[in-house]
2 protein chains.
Amino acid sequence: MSSDLRLLSRRERQIMDILYRLCRATALQVMQEMGPEPPSYSTVRTLLGILEKKGHVRHEKEGHHYTYVPNTPAGEARYSALTHLMDTFFNGSASAVVSAIIDLKQDKLTAGEYEEILELVEKSRKEGQ
Amino acid sequence: MSSDLRLLSRRERQIMDILYRLCRATALQVMQEMGPEPPSYSTVRTLLGILEKKGHVRHEKEGHHYTYVPNTPAGEARYSALTHLMDTFFNGSASAVVSAIIDLKQDKLTAGEYEEILELVEKSRKEGQ
DNA sequence: ATAAGATTGCTAAAATTTTAGCAAAGCTGA
DNA sequence: TCAGCTTTGCTAAAATTTTAGCAATCTTAT
């Protein structure tokens with residue numbers, strides 16, 4: 001089943017990313033999220049149609065218009081994205097990724113977030129025994 | 001400068017991923033890493049040439065053949081990949097990513113790795129004060 | 001009811017990506 | 001040396017992606 005997001009074209013992936021970020025969106029909303037040099041509304045609709053035909057997306061009729069939703073559950077998509085990132089850039093090492101995240105958010109992490117992370121890790125450690 | 005990897009085509013990105021994973025590689029090595037349905041050697045060379053022209057890659061003469069190396073430092077590429085992943089799938093939340101990593105590697109993490117991660121987090125917390 | 005506005009269905013062409021072949025150049029070992 | 005193998009340089013065409021227009025349908029408000 002897998003349906004790997006990495007096999008999609010540039011625009012297709014860009015749209016899938018937007019859908020995962022927003023969870024659900026109309027063609028218009030998607031277009032507005034497509035950053036600088038957005039394609040036309042028409043183009044976005046075509047792409048959504050292609051993604052639907054390929055099975056990556058489905059639409060739900062919401063009143064007058066369509067709302068598009070990713071077909072693969074967010075959890076699954078997250079899982080494979082994270083695995084790929086870890087393998088590609090961090091040699092598969094979990095602690096290397098955590099280290100990078102910490103670096104990344106360094107000054108922005110609140111005391112509460114530190115607590116949360118520590119608890120997560122310790123909880124998992126205990127469960128693993 | 002940015003040169004976003006997400007703007008590349010499917011094959012181009014696939015090759016960049018391989019180069020980041022291997023750090024450096026010849027066209028042949030790249031081809032051998034291209035999974036099932038690999039393109040021809042010739043095709044891989046063409047793609048590497050395009051990536052070079054776009055400035056994503058450079059080659060070093062190594063004896064008889066070329067070895068290709070990513071131009072953007074691994075650290076920088078990691079940074080933007082991780083940021084994008086976090087924003088797309090984890091709503092920008094650091095602790096959510098950490099939680100996912102833990103889940104992911106659940107049974108495979110050794111006691112030593114748990115220690116390492118905990119130390120990383122605590123060290124950062126102290127420094128942040 | 002009906003005009004105005006918005007959304008969809010369909011189509012086609014432009015642009016880019018992906019593919020691979022062949023000649024030339026460079027090394028290697030008999 | 002020189003025949004054979006490997007790698008590069010160049011080229012061109014097939015395949016896919018990306019683009020957008022227009023008619024038809026549906027909603028909403030007058």
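Sequence lines set the chain letters: A, B, ... in the order given, protein chains first and strands last, and positions in each chain run from 1. Keep in mind the model is a prediction, meaning the values are calculated, not measured. We use all heavy atoms of the structure for the numbers below, so side chains are in, but hydrogens, waters and symmetry mates are not.
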**Asked** So, A:Glu60 and A:Arg58, do they make that salt bridge, N to O below 4.0 Å?
**Response** yes

Hits for salt bridge (charged side-chain N to carboxylate O under 4.0 Å, His left out) against B:Lys123, two or more places apart or cross-chain, chain-then-number order -> none

B:Ile50 CD1 to D:dG9 C1', in whole Å, measures 14 Å

Of A:Gly63 and A:Pro39, the one whose closest nucleotide on DNA chain D sits nearer the 5' end is A:Pro39

Just checking B:Ser42: base, sugar-phosphate only, or nothing, at a heavy-atom cut-off of under 4.0 Å?
base

Per nearest nucleotide of DNA chain D, the residue lying toward the 5' end, A:Ser40 or A:His64, is A:Ser40

Looking at B:Lys105 and B:Glu113, is any side-chain nitrogen of the basic one under 4.0 Å from a carboxylate oxygen of the acidic one? no

Taking every heavy atom of A:Tyr20 against every heavy atom of A:Thr72, the minimum-distance pair comes out as OH-O, 2.7 Å

Closest non-hydrogen contact found for A:Met34 with A:Arg11 is CE-NH1, 3.7 Å

* Could you tell me whether B:Thr46 contacts a base, only the sugar-phosphate backbone, or nothing, with contacts defined as non-hydrogen atoms closer than 4.0 Å? => base

Whole-Å distance, B:Leu48 CG to D:dT8 P, equals 10 Å

Atom OH of A:Tyr66 and atom C1' of D:dT25 are separated, to the nearest Å, by 10 Å

Side chains of B:Pro70 and B:Met16: does their closest heavy-atom pair fall under 4.5 Å?
-> yes

Under 4.0 Å between any heavy atoms, over every strand shown, what does A:Arg10 touch: base, sugar-phosphate, or nothing? Just pick one.
sugar-phosphate

note: A:His65, atom NE2; D:dT27, atom P; distance rounded to Å ~ 12 Å

5'-most contact on DNA chain C (nearest-nucleotide basis), A:Thr67 vs B:Glu37, goes to A:Thr67

Outermost contacting nts on DNA chain C, any atom under 4.0 Å from chain A heavy atoms, listed 5' then 3', are C:dT7 to C:dG9

